[in-house]
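Presented below is the structure to which this report refers.
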Amino acid sequence: MRDKFIIEGRHKLKGEIDIWGSKNASLPIMAASLLNSGDLILDNVPPVKDNLTMAEILRYLGLSVEFLEGDKVHIKGEPKGYRAPYELVSRMRASFELMGPLLAYFGEAEIPYPGGCRIGLRPVDLHIKGFESLGAEITVDKGFVCARAKKGLKGAKIHLDKPSVGATRNIMMAAVLAQGETIIENAACEPEVVDLGNFLKSMGAEIEGLGTSTIYIKGKKELKPIDYYKIIPDRIAAGTFIIAGIMIGKDLVIKNIEPEHLQSLFIKLKEAGVNSLQIRDREVRVKGEKVWKGIEVTTMPYPGFPTDLQPQMMVFLSLAQGTSLIVETVFENRFLHVGELLRLGAKISIDGRTALIQGVEKLKGAPVEATDLRAGAALVLAGLVAEGVTEVLDVDEHIDRGYVALEEKLSALGANIKRVSYEEGKKVSDLSL
Ligand code: UD1
């Protein structure tokens, strides 16, 4: 059985929503807790599917992991194994980020090669080159990437060809216990990299340059256990609700956010003529807008416009006055949602990594398929603004990876949305609300 959302569009969103902790910061920080041999509470870890998968892998490796009320996770114990299981790792690419901490802890690690991904090839060559620079020997055996550094890792200067978020974090987690200094050049500056760095620093790691493109790490013999760490708010979830609020909100307050992390979104919204956002210390108040205009958006590594908000922005620009361009520079195949948006009446054409969007007056409900996590979120936004009923399929496989009970959160704000299970062969029903 699969799940889908059935959404009747055009119901205004109103009220308050608390944004949960960042999934993309939770994942590496849970992986890094392999290096914290104490009794740890991680706060602000939403029980989204990806985090549940990471918890299962940590349990398999010998830790005790328990989700508690209020988005807290209790992690304790020490890892007993360094080989991660294929069935779990294949569900989620971020599990490759267990390699850094396992290699640092055991001097060896074996992780299944992450499979392909719908939004692009997403190789791990930069991770591997980084580990090799730190002195690990890498082999591939029966589909597993095996890294060994029996005599320990040695600090090195590593220049990343691209500012990869995952490679920066993986290398950082390995380098905190290496001998000597590691310098990562062309490092990713994303807030989720900084959060992981701060977590490692709170355990006594010596790291400088977080949030810049050069990170310096002085290896330590050991780290000290800590008992509490709170993860940053999810900027992508916040951005998703902000865009929803502009398109179909009446008066929506999005709370528990870090506005600094959303600057690139705010700048683009302003350029499109959205002047009603009230940005405060930890919240944004959004009043629905009637009209906005087409703009150009290019996705870039942080502090550029995030690729993870590109599909949601495309829905917004589909309803803008005039023409817009979206250039996707981070992933090579991240326009799978375009075909689905066309089904809802959007006018979009693709040329390589550029999407040309001609604003339309309205979208019209139809059955559509979520092709990845953020594309799925974008289709939900489209369903909320579209005339009539939209069915978003494969919600459990994609949207649930990053949003907990999205339908309940949206219903509480006034949306007309429900979750329905269906047999895989019978995707589209004639169910209506
Ligand atoms: C992370 C985020 C993801 C986000 C992405 C970009 C998590 C769990 N996921 O993914 O939501 O969309 O950052 O902001 O935090 N690349 C290589 N070789 C490598 C590694 C990456 O060529 O070894 C390429 C990728 O194919 C991609 C680009 O670098 O084109 C950026 O990928 P990366 O920053 O590594 O993304 P992830 O860490 O996988």
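First listed ligand is number 1; within each ligand, the first listed atom is number 1.
When Asp50, Ile236, Leu126, Leu373 are checked for heavy-atom proximity to atom 23 (O) of ligand 1, Leu126 turns out nearest.
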For this session: Take Lys418 and Glu407, measure what salt bridge (charged side-chain N to carboxylate O under 4.0 Å, His left out) needs, and give me the verdict at the end.
Result: CA-CA 6 Å; Lys418 67 180 179 188; Glu407 74 281 17; over 6 Å; no

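Evaluation of the ring-ring contact (aromatic ring centres under 6.0 Å, His included) rule for Phe199 yields Tyr229 as partners, not counting sequence neighbours. For Tyr82, the ring-ring contact (aromatic ring centres under 6.0 Å, His included) partners at least two apart in sequence or on another chain are Phe106.
For ligand 1, the atoms sitting less than 4.0 Å from at least one non-hydrogen atom of Val330 are 27 (C), 28 (C), 30 (O), 31 (C), numbered in the order shown with element in parentheses. The atoms of ligand 1 that sit less than 4.0 Å from any heavy atom of Arg334 are 12 (O). Set against the non-hydrogen atoms of Arg169, the atoms of ligand 1 under 4.0 Å away are 7 (C), 8 (C), 15 (O). Counting atoms of ligand 1 from 1 in the listed order, those under 4.0 Å from a heavy atom of Asp308 are 3 (C), 4 (C), 11 (O), 12 (O). Near Ala94, meaning under 4.0 Å from one of its heavy atoms, ligand 1 places the atoms 8 (C).
Between the side chain of Arg353 and the main chain of Thr329, a donor-acceptor pair closer than 3.5 Å is present. Side-chain atoms of Trp292 come within 3.5 Å of backbone N or O of Phe316 as a donor-acceptor pair. A distance-only check finds no donor-acceptor pair linking the side chain of Tyr113 to the backbone of Lys142 [under 3.5 Å].
Considering backbone and side-chain atoms together, Pro123 places an N or O closer than 3.5 Å to an N or O of ligand 1. Considering backbone and side-chain N/O of Phe331, none are found under 3.5 Å from N/O of ligand 1. Of the N or O atoms in Thr307, none lie within a sub-3.5 Å distance of an N or O in ligand 1. By the 3.5 Å distance cut-off applied to N or O atoms, Gly166 is counted among the residues near ligand 1. Ligand 1 has no nitrogen or oxygen under 3.5 angstrom from a nitrogen or oxygen of Ala167. Between Ser164 and ligand 1, a contact under 3.5 Å exists for at least one N or O pair. The shortest N or O to N or O distance between Lys23 and ligand 1 is not under 3.5 Å. At a 3.5 angstrom cut-off on N or O pairs, Asp125 counts as close to ligand 1.
Proximity of Leu126 to Lys162: side-chain heavy atoms (C-beta onward) are separated by under 4.5 Å at one or more points. The closest side-chain heavy-atom distance from Ile243 to Leu265 is below 4.5 Å.
Counting heavy atoms closer than 4.0 Å to ligand 1, residue Lys162 contributes side-chain atoms (C-beta onward) but none from N, CA, C or O.
Between Glu192 and Arg169 there is no salt bridge, since no side-chain nitrogen of the basic residue lies less than 4.0 Å from a carboxylate oxygen of the acidic one.
The closest approach between any non-hydrogen atom of Glu192 and ligand 1 is not below 4.0 Å.
When each of Thr53, Asn51, Asp50, Asp396 is checked for a side chain to side chain donor-acceptor pair (under 3.5 Å) with Arg401, only Asp50 meets the rule.
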